[in-house]
Amino acid sequence: MTTTQPATALPSSAFPSVFVSHGAPTLIIEDSPGRHFLAGLGTRLGRPSAVIAVSAHWTTQTPAISGATQPDTIHDFYGFPRALYAMRYAAPGAPALADRVRALTGAAVDPGQGLDHGAWVPLMLMYPEADIPVAQLSVQPGATAADHIALGRALAPLRQDGVLILGSGGAVHNLGDFRFGERDVAGWAEDFAGWLDGVLTAGDEASLAGWKTLCPQAKAAHPTDEHFLPLPVAFGAAGSAVRTERLHTGFEHGSIGMQAYAFHGTV
């Protein structure tokens with residue numbers, strides 16, 4: 001079952017941090033529940049002053065933040081419909097914000113990094129005018145979930161300035177079990193999503209940090225870590241006393257988890 005949760009009032013003092021599952025690149029041209037959810041999310045959240053997009057598709061050994069003044073749209077996928085390769089998301093960059101991220105986290109500033117599809121696909125649906133400055137932050141598959149929670153927590157003060165810290169990955173992401181158009185959901189995928197939902201709604205940071213050993217379905221749900229890691233960054237960016245708001249649930253293509261969450265907390 002796919003559901004988008006009813007909107008609730010967001011706190012005015014700070015933007016929430018958000019995790020979304022960006023699905024397959026074709027999400028942006030599909031008529032799917034995940035697409036419709038993302039197309040309404042920008043209105044639901046409101047307009048941020050800037051976005052830090054934490055994408056599963058930019059992986060580095062140590063944290064890096066894009067400092068481009070006009071980031072390119074990166075089409076980092078192959079064999080998809082030609083319409084996808086013609087799309088451009090011409091949002092301005094945020095070099096001053098990148099410098100603040102460097103100061104807060106020690107991340108290296110990469111002046112040439114553009115926006116990969118983990119960033120521009122959800123942002124094109126959420127904020128199609130492309131007039132909000134965007135900087136992209138990498139994830140580190142060689143680091144732990146706890147490391148990524150700490151990275152997010154270092155970014156938390158930016159929320160008070162209206163910055164949206166947007167983790168973009170996949171709640172469940174196993175391309176080996178991808179079944180295009182399949183509606184029946186694999187049992188292991190449902191089990192992992194249910195476990196993860198319980199951890200997040202409880203604000204259980206210790207279980208989130210230990211996800212790879214605590215959940216028996218972790219390896220099936222994420223054969224590699226990169227699509228999971230934007231989630232602990234978004235969780236950590238809520239600060240302390242984290243309160244989780246479930247935004248969207250459901251699966252597409254048999255096993256691709258499209259769950260999305262907003263995280264509220266004290267900076």
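Every residue two or more places apart in sequence or in another chain was checked for a ring pair (Phe, Tyr, Trp, His ring centres under 6.0 Å) with Tyr261, and none qualifies. Contacts of Ile74 classified as side-chain contact (heavy atoms from CB on, under 4.5 Å), with partners at least two apart in sequence or in another chain: Asp76, Gln113, Asp116. Remark: Asp131 pairs with Arg47, Glu129 by the side-chain contact (heavy atoms from CB on, under 4.5 Å) rule, at least two apart or across chains. In this structure Phe19 satisfies the ring pair (Phe, Tyr, Trp, His ring centres under 6.0 Å) test with no other residue, sequence neighbours excluded. By the salt bridge (charged side-chain N to carboxylate O under 4.0 Å, His left out) test, Lys212 pairs with Asp225, sequence neighbours left out.
At a threshold of 4.5 Å between non-hydrogen side-chain atoms, the residues Leu38 and Leu27 count as touching. With contacts defined as side-chain heavy-atom distances shorter than 4.5 Å, the pair Ile52/Val163 qualifies. Between Met126 and Leu166, the closest side-chain pair of non-hydrogen atoms falls below 4.5 Å. Annotation: side chain of Trp58 is in contact with side chain of Thr60 (closest heavy-atom distance under 4.5 Å).
Residue pairs that meet the ring pair (Phe, Tyr, Trp, His ring centres under 6.0 Å) test with at least one member in residues 101-126, sequence neighbours left out, are His22-His117, His57-His117, His75-Trp120, Phe77-His117.
Using a 3.5 Å distance cut-off with no hydrogens or angles, the side chains of Gln259 and His248 do not pair a donor with an acceptor. Side-chain contact of Glu205 with Ser207: a donor-acceptor pair under 3.5 Å is absent, judged by distance alone.
Note that CG of Leu229 and NE2 of His227 are 10.5 Å apart. Values are rounded to the nearest 0.5 Å. For the atom pair CG of Leu164 and CG of Leu123, the computed distance is 8.0 Å after rounding to the nearest 0.5 Å. Rounded to the nearest 0.5 angstrom, Leu115 CG and Ser66 OG are separated by 6.5 Å. Taking CG from Leu155 and CG from Leu137, the interatomic distance works out to 6.0 Å, rounded to the nearest 0.5 Å. Atom NE2 in His173 sits 8.5 Å away from atom NE2 in His222 (nearest 0.5 Å).
A continuous path of ILVMFWY side-chain contacts below 4.5 Å connects Phe228 to Phe263, so both sit in one hydrophobic cluster. Val51 and Ile65 end up in different hydrophobic clusters when Ile, Leu, Val, Met, Phe, Trp and Tyr side chains are linked at under 4.5 Å.
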Practice task
With side-chain hydrogen bond (donor to acceptor under 3.5 Å, both in side chains) as the test, would you mind laying out the steps for Ser138 and Gln136 before giving the verdict?
Solution key: CA-CA 7 Å; Ser138 67; Gln136 185 168 316; over 6 Å; no
Problem - Verdict with supporting geometry, Thr26 and Leu84, side chain to side chain contact (heavy atoms under 4.5 Å, CB included) - result: CA-CA 7 Å; Thr26 49; Leu84 289 176; 4.1 Å; yes
Practice task
Show your working on side chain to side chain contact (heavy atoms under 4.5 Å, CB included) between Asp31 and His36 and close with a plain yes or no.
Solution key: CA-CA 7 Å; Asp31 182 13; His36 291 300; 2.5 Å; yes
Practice task
Applying side chain to side chain contact (heavy atoms under 4.5 Å, CB included), run through Asp99 and Leu97 and close with a yes or a no.
Solution key: CA-CA 5 Å; Asp99 284 339; Leu97 178 60; over 6 Å; no
Exercise for the section: Would you sort out whether Leu196 and Leu208 count as a side chain to side chain contact (heavy atoms under 4.5 Å, CB included), showing the intermediate values? Expected result: CA-CA 8 Å; Leu196 181 62; Leu208 180 62; 4.3 Å; yes
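Annotation for Val134 and Ala91: closest pair CG2-CB, 4.0 Å, computed over non-hydrogen atoms.
Using a 4.0 Å cut-off between charged nitrogen and carboxylate oxygen, Asp161 and Arg100 count as a salt-bridge pair.
For Gln61, the CD atom is loosely surrounded, since the number of other residues' heavy atoms within 6.0 Å does not exceed 12.
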